[in-house]
Amino acid sequence: MMGVAGGAGSVTRFAPSPTGPLHLGHAFSALVAWDRARGREGRFLLRIEDIDQARCRPEYEAAIFDDLRWLGLDWPEPVMRQSARMGAYRAALDRLAELGVLFPCRCRRADIRAAVSAPQEGVAVVGPDGLVYPGTCRGRSMAEAGPEDALRLDMGRALTLAGAAAFTETGAEFAGTHGLDPDWMRAAVGDVVLARRDLGTSYHLSVVVDDAAQGITEVVRGVDLFEASFIHVLLQRLLGLTVPRYHHHRLIRDGGGKRLAKRDDARAIALYRAEGASPAEIRALVNLPAAS
Ligand code: GLU
């Protein structure tokens, strides 16, 4: 039955950021990753995505472990924690700098908004990573990079260097093989930030470096991150990393059809627990089959 789920021996992961309580959407994501690994004699790993220390709280992290255990999941210890991985992110940035695909950027959000709304710029494009960067700092060299700079990927150069690349998607909505489309990447994604000035890294860079370090063979996450995968595959190619399979699952929505947000405490797992719900009921609520 290979191919129905992640393939034999799949390594999947759940990678929450401890910035709020886990809600039904998180439980669903973790359970899908768990089921896809377990059903194929694979491994389920946990990773704490805490690069943004200003927003992360130890009590949320403790609650994540507690809720996941209550749901019936377990994972190898110690868990990977992104705040302990800055050296690995630095090394990846050094490699990208050597390849000549990074540039330092001193633009603030307001500068970018002003540049893209200048009359000669036409319509501002909002891509999966926000406003597409207008290229103001693209000519700057890494030799001038300082603490006031973010580091951006020069998308044009990166695409040329990476050449053709594709990934396999196993999620229902976009199932199939997806090649990188350079025109779309240039127009709709652009020069993404890979190292924020305040963090020294970014979601995109960290997730790529860590999925590779953990040997993840199938990345399971919400379909809202489908487009981000194109950035991730491009980075994997540049860094010489194996491209995993991707499985982007449906999103859990509230009664009004809105997707659940971090602050949607009304659907926090802790609340269901306090009201006496069972893990089996949580599975049923998100339309997952009973645990085997
Ligand atoms: N830390 C990310 C989140 O909580 C995980 C994204 C991913 O799985 O790649 O949304």
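The first residue in the sequence is number 1, and the count goes up from there. Remember, it's a predicted structure, so these values are computed and weren't measured experimentally. Both ligands and their constituent atoms are indexed starting at 1 by order of listing.
- Between Trp184 and Phe230, the ring-plane angle classifies as perpendicular under the 30° and 60° cut-offs.
- Heavy-atom proximity to Glu49, at under 4.0 Å, picks out these atoms of ligand 1: 1 (N), 2 (C), 5 (C).
- Of all the atoms in ligand 1, the ones that sit under 4.0 Å from a non-hydrogen atom of Val207 are 9 (O).
- Aromatic rings from Tyr246 and His232 are positioned such that their centres are separated by 6.0 Å or more.
- Residue contacts with ligand 1 do not include His26, since none of its heavy atoms lies under 4.0 Å from the ligand.
- Neither the backbone nor the side chain of Val219 has any atom closer than 4.0 Å to an atom of ligand 1 (non-hydrogen atoms only).
- Contact atoms of ligand 1 toward Tyr203: 6 (C), 7 (C), 9 (O) (distance under 4.0 Å to a heavy atom of the residue).
- For Arg273, the CZ atom sits in a packed shell: over 12 heavy atoms of surrounding residues, nucleotides or ligands are nearer than 6.0 Å.
- Checking His249 against Arg221 by side-chain atom types alone, no donor-acceptor pair falls below 3.5 Å.
- Considering backbone and side-chain N/O of Ala15, one or more are found under 3.5 Å from N/O of ligand 1.
- With ring centers used as reference points, Trp75 lies 6.0 Å or more from Phe14.
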